Amino acid sequence: MTPAADSGPARKDRTSPADDAGDVTAPPGPAPQPKNRRFKSVTGTRRSIALLFLLPTLVLLGALVVYPIGYSVVRSFFDQSGGSFIGFDNYETLFTRADTKAAINNNIFWVVLAPTVATVLGLIFAVLTERIRWGTAFKLVVFMPMAISMLAAGIIFRLVYDQDPEKGAVNAVWVGIHDTFAESSAFPKAHPRPNAPLAGKSGGPYLTKDPVKAGGNVLLPLVGVAADQMPGGAKPAKQATSAPNKVTGTVWQDFTLGKGAGGINNVDSTELGYPGMKIEAVKGGKVVASTSAAADGTFTLPASADGARLRLPASNFEEAYNGVDWLGDKKFFTIHLGGFDLYLNIVTTSIMVAYIWMWAGFAMVLIGAGLAGIPRELLEAARVDGATEWQVFRRVTVPLLAPVLAVVLVTLMINVLKIFDLIFIIAPGATQDDANVLALQLYRSAFSEGNEGLASAIAVLLLLLVIPVMWFNMRRLRREVRR
Amino acid sequence: MSTVDESVKAKRSIAGRIGEKVSGGVLQFVLILIGALWLVPTIGLLLSSLRSTEDMSASGWWKVFSKPSQLTFDSYASLLENSDITRSLVNTALITVPATVLVIVIGSLAGYAFAWMEFPGRDWWFLIVVGLLVVPVQLALVPIAKLFGDIGIFGSLIGVILFHVGFGLPFAVFLLRNFFAEIPRELLEAARLDGAGELRLFVRVVMPLGGPAIASLGIFQFLWVWNDMLVALIFTDTDSQPITVALQTQVRQFGNNVDVLGPGAFISMVIPLAVFFAFQRQFVSGVMAGAVK
């Protein structure tokens, strides 16, 4: 392992026993002997030179990172203009105002859901790719989105989530699946002419004005389906051949494009049938028989339809299913917690999917590195003992990976806490309030609303949330530095 | 006893082999599907950027598979004639390159000092720097905007560069100090015996040996700055804005500006993707080490 791969969070891959062993052999606390040797022999540097090497870093960090911490903490206790001290009022506002509450609500779901899903996916991918020859190619594909900006990813997903099923990929697939399982109606715009034998309010159902008789032939003319919207299987309409003891008829488009030829309420060969149109015979409010039309628009009903009126149910005329508004504000669920409602809405969820698309690769690569460090013999031993693959995964692999999984999860949580670009780009103006998060609210408070007090309070809240990680990093490093 | 064992083993291995074949096929299929799922959004952007605005407003990008004649470089051509966009691309480079070089140089100096020089409270100072690793960028936006306004560099390239250097340093110092500390003492001692001064030791011995870590750091910082939108959104004006900021102004009217956003986003991705494919190893170690940022 090169030192480069050995630093940062990756360093945590090494299980702690190695570190502990180091601590056992060396007495706790600074070990003066090696320390002195190391420094005297090599540098013996004057302090002024050390200061010279450190000066640029200390100045820049002091001015750009440390000073803002102090400034924000102090500023968060002052009002919008900065003129008067208002104590914790900004923090109270943070938990009471609608937009900041929405931001906190969404941040909670972001921090809990997005890192968990990304880590679980990363774990699954890492384990599965170990078993195939082209695992590296797969990893490359999944890891690639890490290289691009959140702005580019945002634009990519704006295209993916386009509401129009003709343009947005997700809705195209969604509507396709929906229409496969739920029969779509083919004639959303079809309706009878005013003087037709059918009547009913716009959108159906349409009912024949008179009862039908067995042996009779019924004509059900409609108009209004555009030529390019006609179902592909439609054939020229035909007059049905009447049969005794049966009710027969034709349902068709009583209109010829450009020609207007033929008579109104007359079946002409230039006109098309309505294939699949559903027809019900209704007697005393009950459906006594039903059928659907053939390609040429003809249909046949049994004798039981005698004396009934024919109805074209509204399901024939429903507007086409238009998919889901993926960037809308619909809530999946709401949990009432005292004065605070926790809810998850669809726009936040959709943006989380984009985030997971970007970061699952990160989890996969880190977990993959951890996986490579697991001794094969341990897995083999479990298999020889008769454990199934699932048991090996559940009882051996996952527990051994626990430290890596924790690192990945924590890293992603910190990352998600500060999510800004994706929401700024993906959420359209109409639902940006619903997709709000703390980092976005900070930006808005500071630079649109001009309320630096509130913005500083949000900044301090973000800092407080990462302080446990800061403390953990420093503690872990203190041990390593002293070794 | 042993024969029973063996027959059981044999039985299991035949059944096991068949099972493996089947599940292997299913596994491959599932992974191909997932891989495709991961690629589709990016392919969608690429194909969208290669279609005219009229085609884009009429139908989805997948229509090019049935109508390849729709493919055109018109959007790219007009984008590269758009001086706002080209200037912002130049700005992106003008911000990213200095911000990366400065972080490497300044971070190396400090990393070396923390690793090999002796001064009071050294380890504590280093711990403080590491603690700053996770400070959210957001915290500094308001105060630094004020500070830069006071000293007159708000809206300039220098301001953004400085900001990125400041927030890049904790990671740089952390990574490089750990790497430099692993340099064998004998090497440094030998150079010292040859009469090398502190600066010479640093430039001729430490920096070259730090190559791998510097590469990881450089790639991470380069991508971080190149891909940044938030910092530039606040600290640049229309003359100094990078491509990310220039593009985000178009997002509010997404449908109307697809001809700019599609190719613009793709052009902004080209360099990061090239870096990704060319330096996979360093990219992985850089991203893995620096992701806490």
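Side-chain atoms are counted along with the backbone in the values below, which use heavy atoms only and exclude waters and symmetry mates. The structure presented is a predicted model; accordingly, all values stated were derived computationally and were not measured. Note on naming: letters A, B, ... go to the chains in the order of the sequence lines (proteins, then strands), and numbering restarts at 1 for each one.
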Exercise. Going by the angle between their ring planes, with limits at 30° and 60°, are B/Phe220 and B/Trp224 parallel, tilted or perpendicular?
Worked result: parallel

If one checks every heavy atom of B/Leu223 against chain A at 4.5 Å, the contacting part turns out to be side chain

One option among A/Val460, A/Ile467, A/Leu442 has the most heavy-atom pairs under 4.5 Å with chain B, and it is A/Leu442

Query raised in the report: Can you find a heavy atom in the side chain of B/Val26 that is under 4.5 Å from one in the side chain of B/Val30?
Result: yes

- Should the pair A/Phe157 and A/Tyr161 be assigned to parallel (<30°), tilted (30 to 60°) or perpendicular (>60°) ring geometry? tilted

Under 4.5 Å to a heavy atom of chain A? For B/Ile214 that would be neither

Bottom line for B/Ser48: the part with an atom under 4.5 Å from chain A's heavy atoms is side chain

Most contact-rich option vs chain A, by heavy-atom pairs under 4.5 angstrom, among B/Pro272, B/Ala172, B/Pro41, B/Gly35, is B/Pro41

Answer key: most heavy-atom pairs under 4.5 Å with chain B among A/Leu462, A/Leu61, A/Leu60 is A/Leu61

Answer key: most heavy-atom pairs under 4.5 Å with chain B among A/Val160, A/Val66, A/Ile69 is A/Ile69

Look at the side chain of A/Glu452 and the backbone N and O of B/Val142, then say whether any donor-acceptor pair between them is shorter than 3.5 Å. no

Applying a strict 4.5 Å limit to non-hydrogen atoms, the region of B/Phe277 in contact with chain A is side chain

_Contact check, side chains of A/Pro68 and B/Ile144, non-hydrogen atoms, under 4.5 Å_ = yes

What one should report as the nearest heavy-atom pair of B/Ser268 and B/Ile243 is CB-CG2, 4.0 Å

Practice item. Please state whether the rings of B/Phe222 and B/Trp226 are parallel, tilted or perpendicular, taking 30° and 60° as the class boundaries. Key: parallel

Highest number of heavy-atom pairs under 4.5 Å with chain A among B/Ile34, B/Val275, B/Leu247, B/Leu141 belongs to B/Ile34

Heavy atoms from other residues, nucleotides or ligands near OH of A/Tyr67 exceed 12 (cutoff 6.0 Å):
yes

Any side-chain heavy atom of B/Met229 within less than 4.5 Å of one from A/Phe424?
yes

Heaviest contributor of heavy-atom pairs below 4.5 Å to chain B, chosen from A/Asp162, A/Leu51, A/Leu54, is A/Leu54

Looking only at B/Ala191, B/Pro120, B/Gly111, B/Gly44, most heavy-atom pairs under 4.5 Å shared with chain A are made by B/Pro120

Turns out that what part of B/Leu230 lies under 4.5 Å from chain A's heavy atoms comes down to both

Cut-off 4.5 Å, heavy atoms of chain A, and the answer for B/Ser108 is neither

When the 4.5 angstrom heavy-atom criterion is applied to B/Ile32 and chain A, the contacting part is both

**Request:** Measure the shortest side-chain to side-chain distance between B/Trp125 and A/Leu58 over non-hydrogen atoms and say whether it is less than 4.5 angstrom.
**Result:** yes

- Task: Look at the aromatic rings of A/Phe138 and A/Phe125 and report parallel, tilted or perpendicular, splitting at 30° and 60°.
- Result: perpendicular

When B/Val251, B/Val258, B/Leu261 are each screened for side chain to side chain contact (heavy atoms under 4.5 Å, CB included) with A/Arg158, the one that passes is B/Val251

Okay, A/Trp134 and chain B: the region with an atom under 4.5 Å from a heavy atom over there is side chain

When the 4.5 angstrom heavy-atom criterion is applied to B/Leu162 and chain A, the contacting part is both

Decide yes or no for A/Ile425 and B/Gln248: does some side-chain heavy atom of the first lie under 4.5 Å from some side-chain heavy atom of the second? yes

Bottom line for A/Tyr443: the part with an atom under 4.5 Å from chain B's heavy atoms is side chain

From the list B/Leu176, B/Val130, B/Leu132, B/Val165, the residue making the most non-hydrogen contacts under 4.5 Å with chain A is B/Leu132

- Query: Taking side chain as C-beta onward, heavy atoms only, is A/Pro145 less than 4.5 Å from B/Trp38?
  - Reply: yes

Greatest number of non-hydrogen atom pairs under 4.5 angstrom with chain B, of A/Val170, A/Leu55, A/Asp164, A/Leu140, falls to A/Leu140

Pair count under 4.5 Å, heavy atoms only, with chain B: among A/Val466, A/Leu412, A/Val142, A/Leu463, highest is A/Val142

Return the orientation label for the B/Tyr112 and B/Phe180 ring planes: parallel under 30°, perpendicular over 60°, tilted otherwise. perpendicular

Of the listed B/Lys63, B/Met269, B/Gln138, the one with the largest count of heavy-atom pairs under 4.5 Å with chain A is B/Gln138

Honestly, the part of B/Phe148 sitting under 4.5 Å from a heavy atom of chain A is side chain

Turns out that what part of A/Glu389 lies under 4.5 Å from chain B's heavy atoms comes down to neither

When the 4.5 angstrom heavy-atom criterion is applied to A/Val408 and chain B, the contacting part is neither

Okay, A/Ile132 and chain B: the region with an atom under 4.5 Å from a heavy atom over there is side chain

query = Does a donor on one side chain sit under 3.5 Å from an acceptor on the other, for A/Gln441 and A/Ser445?
reply = yes

In short, B/Leu233 meets B/Val245 closest at the heavy-atom pair N-CG2, 3.6 Å

Cut-off 4.5 Å, heavy atoms of chain B, and the answer for A/Ile124 is neither

Answer key: most heavy-atom pairs under 4.5 Å with chain A among B/Pro136, B/Ala265, B/Ala145, B/Ala215 is B/Pro136

Applying a strict 4.5 Å limit to non-hydrogen atoms, the region of A/Leu151 in contact with chain B is side chain

When the 4.5 angstrom heavy-atom criterion is applied to A/Ala169 and chain B, the contacting part is both

Whatever's closer than 4.5 Å to a heavy atom in chain B on A/Ala430 counts as neither

